[in-house]
2 protein chains.
Amino acid sequence: MARVGLTAERLTQAGAELADEVGFDQVTVSALARRFDVKVASLYSHVRNSQDLRTRIALLALAELADRAADALAGRSGKDALTALANVYRDYAREHPGRYAAAQLRLDPQTAAASAGVRHAQMTRALLRGYDLTEPDQTHAVRLLGSVFHGYVSLELGGGFSHSAPDTDVTWIRVLDALDTLLRNWPPPPTEPQG
Amino acid sequence: MARVGLTAERLTQAGAELADEVGFDQVTVSALARRFDVKVASLYSHVRNSQDLRTRIALLALAELADRAADALAGRSGKDALTALANVYRDYAREHPGRYAAAQLRLDPQTAAASAGVRHAQMTRALLRGYDLTEPDQTHAVRLLGSVFHGYVSLELGGGFSHSAPDTDVTWIRVLDALDTLLRNWPPPPTEPQG
DNA sequence: GGATTTGCCTAAAGCTATTAGGCAGATGCA
DNA sequence: TGCATCTGCCTAATAGCTTTAGGCAAATCC
């Protein structure tokens with residue numbers, strides 16, 4: 001029988017494409033085998049199991065996203081960098097919804113630590129160097145930015161904003177404006193605990 | 001054979017509990033049947049199919065969440081209301097991770113329009129009346145708050161913040177501080193488009 | 001208490017995941 | 001070039017989840 005030339009890489013790549021077409025949760029070993037016109041069992045020589053396949057797709061997405069982010073940040077700072085990084089996430093999610101969903105897959109700690117996920121945090125930190133934040137406020141800001149980017153993108157993608165009036169593109173611009181303002185005027189910690 | 005007294009409501013309720021225990025994506029008709037010690041086919045008299053079951057769980061979660069939010073907002077305004085609403089989402093997600101995941105299920109437009117999802121948007125709008133925002137800025141702010149709440153909660157729940165130093169409780173307080181500041185000093189639209 | 005309704009059951013087919021073992025095409029070495 | 005080995009894809013089989021069709025008995029309604 002003709003050998004198709006399966007490898008873990010090709011399977012991962014095709015899995016990512018499949019995810020973008022039908023959704024990450026519809027990525028199945030069977031569907032992938034169908035796509036290569038090959039029997040299901042054949043995939044198990046290249047990929048440990050279904051979970052392994054999903055993890056590989058997630059790692060691919062994280063790496064692609066980190067590469068795009070690094071490109072976008074090169075030579076930019078301040079609000080320019082903020083906007084560029086934010087748009088990387090949003091554009092990637094819209095171009096590759098399945099991969100974006102994959103990037104949210106919960107990874108076990110070791111895998112996560114070895115993934116491109118750490119680069120994302122580093123880049124957000126690098127971006128914040130353009131603002132005047134010291135630890136621990138910088139970490140708070142990293143988390144805020146991550147929350148806004150991920151939250152906005154996933155709500156927008158999920159149709160959460162689709163029914164209402166102002167264009168989401170406009171909101172996006174205004175949200176980035178607001179974040180920039182906020183980062184330039186980061187409120188100091190409350191001196192008095194409330195109570 | 002003894003009748004167990006299955007109803008769509010009981011199945012939905014048990015499905016929600018199951019979701020919190022094993023994850024929303026592990027909620028299966030079979031697992032639910034097992035939990036009632038009943039054959040799988042029996043569930044199909046009460047629930048159209050697996051998708052229907054999931055949708056019911058999602059609607060339950062949205063309604064519970066909206067009820068909690070309404071309670072929390074009663075009698076509060078300004079930052080007090082902001083904090084209360086934000087904590088409703090965060091606490092619910094931590095107490096009921098499976099239901100919180102269910103609440104993110106993408107619903108078809110009609111179902112979404114008839115769901116408690118609309119109450120959430122209304123309550124966020126109500127909260128913003130304590131700040132001095134007019135349309136369309138109010139809508140932008142609604143979307144920003146939704147993004148931050150959802151983004152923070154889902155990243156925190158997914159372990160995205162777990163490896164780093166400052167306590168996520170502290171970050172959460174500072175993020176709410178920052179949002180309050182931002183809403184009280186919402187930047188005006190840029191007069192000049194960039195380019 | 002008999003008729004009807006309703007609830008859970010058995011049976012069956014189809015899809016996905018995963019493992020074990022086989023055969024043939026590719027590769028390595030003389 | 002020819003043989004041995006290795007590797008890649010295959011068949012076969014098991015098990016779980018989903019869904020539909022049709023049956024029997026318990027509850028319900030006069």
Side-chain angles (χ1 to χ4, degrees), chain A residues 1-60 98-99 101-102 105-108 111, chain B residues 1-60 97-99 101-102 104-108 111:
Chain A
M1 279 94 205
R3 300 196 175 189
V4 187
L6 301 179
T7 64
E9 286 66 36
R10 288 190 65 198
L11 290 176
T12 306
Q13 187 67 40
E17 288 161 17
L18 184 61
D20 288 335
E21 291 166 20
V22 303
F24 182 57
D25 44 339
Q26 303 299 318
V27 172
T28 163
V29 184
S30 303
L32 206 51
R34 238 174 274 131
R35 173 166 290 227
F36 280 97
D37 201 25
V38 140
K39 298 297 171 180
V40 189
S42 306
L43 301 205
Y44 283 82
S45 312
H46 305 279
V47 150
R48 216 182 343 271
N49 53 33
S50 191
Q51 180 57 32
D52 181 37
L53 173 65
R54 286 164 194 279
T55 301
R56 285 171 189 269
I57 297 172
L59 293 176
L60 172 72
R99 296 176 203 211
L105 183 69
R106 188 164 189 169
L107 302 173
D108 65 282
T111 311
Chain B
M1 281 94 208
R3 299 198 175 187
V4 186
L6 300 180
T7 63
E9 286 67 34
R10 287 190 66 198
L11 290 176
T12 305
Q13 186 67 39
E17 288 162 16
L18 184 60
D20 287 335
E21 291 166 19
V22 302
F24 182 57
D25 44 339
Q26 303 299 320
V27 172
T28 164
V29 183
S30 302
L32 207 49
R34 236 174 276 133
R35 174 166 288 227
F36 281 96
D37 201 24
V38 139
K39 297 297 170 180
V40 188
S42 307
L43 302 204
Y44 283 83
S45 312
H46 305 278
V47 148
R48 217 185 340 271
N49 52 34
S50 191
Q51 180 57 33
D52 180 38
L53 172 65
R54 287 163 193 280
T55 301
R56 286 172 189 268
I57 297 171
L59 294 176
L60 172 72
R99 296 177 202 210
Q104 313 306 321
L105 184 68
R106 188 164 189 167
L107 302 173
D108 65 282
T111 311

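Labels below follow one simple rule: chain letters A, B, ... track the order of the sequence lines, proteins then strands, and each chain is numbered from 1. Predicted model only: the values in this text are computed from it and were never measured. The basis for the numbers below is simple: all heavy atoms, side chains too, and nothing from hydrogens, waters or symmetry mates.
For A/Arg48, no side-chain nitrogen or oxygen approaches OP1 or OP2 of C/dT18 to under 4.0 Å. An OP1 or OP2 oxygen of D/dT7 is reached within less than 4.0 angstrom by no side-chain nitrogen or oxygen of A/His46. Contact annotation: A/Ser42 does not reach the phosphate of D/dG8 (side-chain N/O to OP1 or OP2, under 4.0 Å). Close to C/dC15, at under 4.0 Å from its OP1 or OP2, lies no side-chain N or O of A/Arg34.
If you measure from atom CG of A/Leu43 to atom C1' of C/dT19, you get 14 Å, rounded to the nearest angstrom. Atom pair B/Arg10:CZ and C/dG7:P shows a separation of 13 Å (rounding to whole Å applied). For the pair B/Tyr44 OH and C/dA12 P, the computed distance is 19 Å after rounding to whole Å. Taking atom CZ of A/Arg54 as the reference point, atom C1' of C/dA17 lies 11 Å away to the nearest angstrom. With rounding to whole Å, A/Asp52 atom CG is found 11 Å from C/dT19 atom P. Between A/Leu6 atom CG and D/dG8 atom C1' there is a gap of 8 Å when expressed in whole angstrom units. Nucleotide C/dT19 holds its P atom 13 Å from the CD atom of A/Gln51, rounded to whole Å. Put simply, CG on B/Leu32 is 18 Å from P on D/dG16, counting in whole angstrom units.
In this structure, the side chains of B/Leu59 and B/Leu107 come closer than 4.5 Å at one or more pairs of heavy atoms. Side-chain contact between B/Asp52 and B/Arg56 is present, with heavy atoms from C-beta onward closer than 4.5 Å.
In terms of heavy atoms, B/Ala102 sits closest to B/Ala58 at O-CB, 3.1 Å. In terms of heavy-atom proximity, B/Thr111 sits nearest to B/Asp108 at OG1-OD1, 2.6 Å.
Within residues 11-30 of chain B, the residues approached by DNA chain D to less than 4.0 Å at the level of any non-hydrogen atom are B/Thr28, B/Val29, B/Ser30, in residue-number order.
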Margin query: Quick one, B/Leu105 with B/Gln51, criterion side-chain contact (heavy atoms from CB on, under 4.5 Å). Give me CA distance, side-chain angles, the key distance, then yes/no.
Written below: CA-CA 10 Å; B/Leu105 184 68; B/Gln51 180 57 33; 4.2 Å; yes
Show which side-chain atoms of residues 24-34 of chain A pair as donor or acceptor with protein atoms under 3.5 Å away, not counting sequence neighbours.
unit_1: A/Thr28; atom_1: OG1; unit_2: A/Ser30; atom_2: N; d: 3.3

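Among the nucleotides C/dC8, D/dT20, C/dT18, the one closest to any side-chain atom of B/Val4 is C/dC8. Of the listed nucleotides (D/dG8, C/dT18, C/dC8), D/dG8 has the atom at the smallest distance from the side chain of A/Arg3. Distances were taken from every side-chain heavy atom of B/Ala41 (C-beta onward) to each of D/dT11, C/dC8, C/dT10; the shortest belongs to C/dT10.
Looking at residues two or more places apart in sequence or on another chain, you find a salt bridge (charged side-chain N to carboxylate O under 4.0 Å, His left out) between B/Glu21 and B/Arg35.
If you check every strand for non-hydrogen atoms under 4.0 Å, A/Val40 touches a base.
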